[in-house]
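The model shown is predicted, which means the values in this text are computed figures rather than measured ones.
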Amino acid sequence: MRVLVVTAVPVERDAVTRAFGGTPQILGLPGAELHRSGAFDVLAGGAGPAAAAAAAAFALASATGSAPGPYGLVVSAGIGGGFAPAPLGSLVVASDIVAADLGAETPDGFLPVTALGFGRDRFAPPPTLVREVAAATGAAPGPVLTVSTVTGTAARTAALLTAYPGALAEAMEGFGVAEAAERAGVPVLELRAVSNTVGPRDRAAWRIGDALAALTEAFGKTRPVLEGWNRHDH
């Protein structure tokens, strides 16, 4: 099974690619490089849900009907913020990929797009795959929020947790990747390494290097799970 891994930026792409060893084959896509290592294609699609959706959709469409064949799984991967008490450098695998700020502000608070009567605000990765990845990597399974603006205040953190109890992490690309995968009829997974605590912005406290190292280790452990997974069993 071929797997497409979509990250936001090149350092995340390279952290994932290192897990597969060797020298990847580098292929050109409009606006991006695709690094191919065996059955895994890894690209940096850009920051935010729109860029991620566009990059994933283009890669999925480009693979259809071409050698070496279509993808059987799409993974949104990278670093992200963890809601306390998630330790820095820990891993989260999404049980739900949630568009946390897609909707409308009202005098009574935020309404998700589903409450407005159209669209959707979440995707659920295959539960069996989530469990297997969690077991292989030690990742905590739970909701991962997709936001267009990184949270930087205590008030916003509290509002997100009120709206989405049990959320473990936030990032900026998962929902966009999931939208593209859904439209292509391909299952989606999201795996994040925690680089910072969601809350008042303290850039000096971020541990990006540790999170990238954790991401490499996670994909080293995830690789055999993904290679052995049958999408028709989910």
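- Put simply, Leu129 and Val5 are part of the same group of oily side chains (I, L, V, M, F, W, Y) that touch within less than 4.5 Å, one to the next.
- The shortest side-chain heavy-atom distance between Thr197 and Phe83 does not fall under the 4.5 Å cut-off.
- Rounded to the nearest 0.5 Å, atoms CG (Leu91) and CG (Leu168) are 12.0 Å apart.
- Nearest heavy atom pair, residue Leu73 against residue Pro187, reads CD1-O, 3.5 Å.
- For the residue pair Tyr71/Asp41, the side-chain donor-acceptor check at 3.5 Å is satisfied.
- Following chains of ILVMFWY side-chain contacts shorter than 4.5 Å, one cannot reach Val92 starting from Leu161, and the two form parts of different hydrophobic clusters.
- Between Ala178 and Phe123 the shortest heavy-atom distance is CB-CD1, 3.4 Å.
- Placement of Phe58 and Val9 in two distinct hydrophobic clusters is found when ILVMFWY residues are connected by side-chain heavy-atom separations under 4.5 Å, directly or transitively.
- Heavy-atom contacts from other residues, nucleotides or ligands closer than 6.0 Å to CD of Glu217 number 12 or fewer.
- Shortest non-hydrogen contact noted between Ala180 and Ala57 is CB-N, 3.7 Å.
- A salt bridge between Glu182 and Arg120 is present, with a side-chain N of the basic residue lying under 4.0 Å from a carboxylate O of the acidic one.
- With a 4.5 Å cut-off on side-chain heavy atoms, Ser148 and Phe175 do not count as touching.
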So Val188 and Ile97, side-chain contact (heavy atoms from CB on, under 4.5 Å) or not? Walk me through it.
-> CA-CA 9 Å; Val188 68; Ile97 301 171; 4.0 Å; yes
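- The nearest pair of heavy atoms linking Val194 to Gly81 is CG1-C, 4.5 Å.
- We find the CG-OG1 distance between Leu111 and Thr106 to be 4.5 Å, quoted to the nearest 0.5 Å.
- Note that CG of Leu215 and OG1 of Thr7 are 8.5 Å apart. Values are rounded to the nearest 0.5 Å.
- When side chains are defined from C-beta on, Val98 does not count as touching Val144, because their heavy atoms never get closer than 4.5 Å.
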Start with the C-alpha gap between Phe40 and Thr17, add the side-chain angles, then the distance that decides, and say whether side-chain contact (heavy atoms from CB on, under 4.5 Å) holds.
-> CA-CA 9 Å; Phe40 295 85; Thr17 305; over 6 Å; no
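- Looking at Arg207 and Asn196, their side chains never come closer than 4.5 Å, going by heavy atoms from C-beta outward.
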side-chain contact (heavy atoms from CB on, under 4.5 Å) evaluation trace for Phe118 with Thr114 | CA-CA 5 Å; Phe118 57 88; Thr114 51; over 6 Å; no
Check step by step if side chain to side chain donor-acceptor pair (under 3.5 Å) holds for Glu170 and Thr151.
-> CA-CA 8 Å; Glu170 71 167 24; Thr151 300; 2.6 Å; yes
side-chain contact (heavy atoms from CB on, under 4.5 Å) between Glu12 and Leu212, worked out = CA-CA 7 Å; Glu12 294 172 323; Leu212 291 172; 4.1 Å; yes
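- One hydrophobic cluster holds both Val3 and Val133 under the rule that ILVMFWY side chains link at heavy-atom gaps under 4.5 Å.
- No donor-acceptor pair under 3.5 Å is formed between the side chain of Glu33 and the backbone N or O of Ile26.
- Counting only heavy atoms from C-beta outward, the side chains of Arg36 and Arg2 approach each other to under 4.5 Å.
- Residues Ala52 and Val6 share a closest heavy-atom pair of O-CG1, 4.5 Å.
- Between the Ser37 side chain and the Gly22 main chain, no donor and acceptor come within less than 3.5 Å of each other.
- Rounded to the nearest 0.5 Å, atoms CG (Asp210) and CD1 (Ile79) are 10.5 Å apart.
- Looking only at side-chain heavy atoms (C-beta outward), His35 and Gln25 stay at 4.5 Å or farther from each other.
- Residues Pro127 and Ser95 are not in side-chain contact: their nearest non-hydrogen atoms beyond the backbone lie 4.5 Å or more apart.
- Comment: Arg192 engages Glu173 in a salt bridge, judged by a side-chain N to carboxylate O separation of less than 4.0 angstrom.
- Here the shortest heavy-atom pairing between Ala104 and Leu116 reads CB-CD1, 4.0 Å.
- Between Val186 and Leu60, some side-chain heavy-atom pair lies under the 4.5 Å cut-off.
- Atom NZ of Lys221 is separated from atom CG of Leu226 by 14.5 Å, given to the nearest 0.5 angstrom.
- A distance of 9.0 Å separates CD in Glu132 from CH2 in Trp229, rounded to the nearest 0.5 Å.
- Both Val225 and Phe20 are assigned to one and the same hydrophobic cluster, defined by single-linkage of ILVMFWY side chains at heavy-atom distances under 4.5 Å.
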